Amino acid sequence: MFWRARTTSGRAICLSDQFSGFTVKELLQGRVALAGLPAVDLGTDVDWTANPHGNRSWALNLHSLRWLGRLAAEFERTGERAYLDRAADLADHWIRENPRGGQGVSPWAWAEHAVALRAPALVCLSEHVRTRRLWDSLAEHGEVLADSALYREGHNHGLDQDIGLLVVGCRLGRARWRDLAVRRMTRSAEVAIDPQGVLHEQAPRYGLYVHRRLGVALRAIEESGAETPARLVARRTALESYIAHATQPDGFLAPLGDGHADARGARFAHQEPEVRVFDGGYVFGRTAWQDPGSAYYSIRFGPGRALHGHEDHLGVTYSAQGRRILVEAGFHSYERTGFVAWTRSPEAHNVPIVAGGFRPGTPTRLVGSSIGPTRQEYELSDEAYGLTRTRRVLVSHGADLLAVRDSVPSGTLRSLWHFDPALKVVSRRPGVVVLGDGSWRVTLLHLPGEGQAVRPGLIAPGIQRTAEVVTVLSPEAAGVLTVIVPGCADPEVSFAGDLMTVRTPGGPVTVRLTGAPC
């Protein structure tokens, strides 16, 4: 926590760990690395309209001035005057060069999220820099943050706006701003987070972000002297179950919605079942907690796409035996490119594609489920293509196997399956594709088998990164059965009437050929 001076009008609530992730030595030299992109030399006379990477996130982060807050925090830690002088010069230059509504000012300068993230950095700087220009700018930031027309209720931006308004209100001695911020963030949390903990922004990565920012908010409320709302604490606590279940056995978050595959999850102390259905649109299942080799899967359903969600309904991800198998396109960036638009489309996910027009934003129903310790079954349906699209899923543990039956009452569909970049095609024949990584193998079976296609695909394994993958398309039919068998190359299969038995390394698993695959 920062040292507190008492010579100004109100308390400077400065939570210095908000500004981690920047290299202080580079900042002192005028270089800054933002949004995961290479460092840029800003020089001493910063061009605030610059965007050398042509990247929206970079421009937003430049104007957030969180990196300036890092310099102020380092001065607090070391007492080294050079850090404070550099921060003060940058802040003064930004304020002079970026008047709100000024001609030629970057549109990112007063974007609502930039204002929200910048305000706490300026408050922290105000502990040691006492100029009329800085004070006037803080008041202007408070007015913008308090403006209901600019407020993003139920959104992570709104939470950041509330944190900014709270600390500015306390610094300027305006209790009404502080109280407004606390009221808004409590109401907003109940809009954004359902009682089970699901964040309606439809991306587990944002669930973790909101959880962390709510932690900052609660600390700021405590320091402000306001009463901490129990309802706000309850919604933050509820998020922990959602985040825990969305964290894969390898420690990374399931890359659903705008969530990149290399985003670390969080380990919360909990007593949770291995499988949980969240009414907000998620099924998460695993064989065991605290086991990096655990099998794991996710299934998407629920309300139509919103905010940071993708058109991923009926989508399945799957890992087993310590290996990722079925993956999705993930999150690349917020750039407006064809590839980024594609990552949000149905074709970027492990879903059945129906001939005909797709209806964006269609909700999906979880029709039924049966959850046992070694075998779980689900049925889902929607009308995303104007007719009922049904997916039935069977997950077997121990004898590891995933079976998915997709069907439509008329017309045809094709099921799409995107495999982890580490998996390459080893062999194939009609209805059977064997993939491998080193000596490990996984087999995909299709019924019917004729007409199956294998093609190269592209996904985003991390921010601003792409990787080639194998994508398998099922045959085109009114009903398609897909079976994934981990740890096995071309397993033995036998038939008896309407039943198919697959010999997995863990033992036989019986799958029904029509209707539910179980």
Side-chain angles (χ1 to χ4, degrees), residues 248-249 275 285-288 291 293-299 315-328 350-352 372-378 391-406 415-454 469-475 479-496 498-514 516-518:
Q248 302 171 129
V275 179
R286 69 189 72 220
T287 50
D291 178 6
S294 167
Y296 180 87
Y297 63 92
S298 70
I299 307 172
V316 176
T317 67
Y318 183 53
S319 61
Q321 301 173 12
R323 294 180 179 263
R324 296 184 186 182
I325 301 172
L326 297 177
V327 299
E328 295 192 330
N350 301 312
V351 300
T374 61
R375 190 175 175 111
Q376 294 101 50
E377 305 158 18
Y378 308 92
R391 166 161 280 188
R392 298 178 173 93
V393 181
L394 161 67
V395 185
S396 172
H397 296 311
D400 291 319
L401 178 144
L402 171 72
V404 179
R405 179 162 181 82
D406 296 317
S415 302
L416 282 167
W417 304 101
H418 305 282
F419 285 86
D420 185 78
L423 297 171
K424 310 300 180 185
V425 174
V426 175
S427 65
R428 57 175 297 201
R429 56 186 173 84
V432 181
V433 181
V434 179
L435 302 98
D437 175 23
S439 61
W440 191 82
R441 298 290 183 265
V442 59
T443 299
L444 178 148
L445 308 173
H446 269 143
L447 287 174
E450 293 294 334
Q452 182 188 64
V454 178
V469 298
V470 174
T471 298
V472 180
L473 289 78
S474 77
V480 174
L481 177 65
T482 304
V483 179
I484 306 290
V485 188
C488 186
D490 206 351
E492 179 184 340
V493 177
S494 59
F495 298 89
D498 195 35
L499 301 178
M500 176 176 74
T501 299
V502 183
R503 302 282 176 182
T504 78
V509 180
T510 299
V511 180
R512 191 174 300 279
L513 299 179
T514 58
C518 42

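Here, residue 1 is the first one in the sequence, and each next residue gets the next number. No experiment lies behind these values; they were computed from the predicted model shown.
Taken from CG in Asp406 to CZ in Arg391, the straight-line distance is 4.0 Å, to the nearest 0.5 Å. Annotation: the span from Ser396 atom OG to Ile484 atom CD1 amounts to 13.5 Å, rounded to 0.5 Å. For the atom pair Arg405 CZ and Leu481 CG, the distance stands at 6.5 Å (nearest 0.5 Å). With rounding to the nearest 0.5 Å, the separation of OG1 in Thr317 from CD1 in Ile325 is 10.5 Å.
In this structure, the side chains of Thr501 and Val493 stay at 4.5 Å or more apart for every pair of heavy atoms. Leu444 places a side-chain heavy atom less than 4.5 Å from the side chain of Thr482. Side-chain contact between Val469 and Phe419 is absent, with no heavy-atom pair separated by less than 4.5 Å. Pro486 has its side chain out of reach of Arg323: every pair of non-hydrogen atoms, C-beta onward, lies at least 4.5 Å apart. Proximity of Pro475 to Glu450: side-chain heavy atoms (C-beta onward) are nowhere separated by under 4.5 Å. Put simply, the side chain of Arg512 reaches to within 4.5 Å of the side chain of Leu499, judged on heavy atoms.
Between the Thr287 side chain and the Ala295 main chain, a donor and an acceptor come within less than 3.5 Å of each other. The main-chain N or O of Glu328 is never found under 3.5 Å from a side-chain atom of Asn350 such that the two would form a donor-acceptor pair. Using modelled atom types, one side-chain atom of Ser294 and one backbone atom of Ala288 make a donor-acceptor pair closer than 3.5 Å.
Tested against Asp490 for a salt bridge (Lys or Arg N to Asp or Glu O under 4.0 Å), the candidates Arg503, Arg429, Arg428 yield a single pass: Arg429.
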### Task
Check the pair Tyr318, Val404 against side chain to side chain contact (heavy atoms under 4.5 Å, CB included), reporting the backbone distance first and the verdict last.
CA-CA 12 Å; Tyr318 183 53; Val404 179; over 6 Å; no
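Contact record, Lys424 with Val470: CA-CG2, 4.4 Å, taken as the closest heavy-atom pair. Minimum interatomic distance between Ala399 and Gly507 (heavy atoms only, all atoms of both residues): CB-O, 3.7 Å.
Judged purely by distance below 3.5 Å, without hydrogens or angles, the side chains of His397 and Thr374 never pair a donor atom with an acceptor atom.
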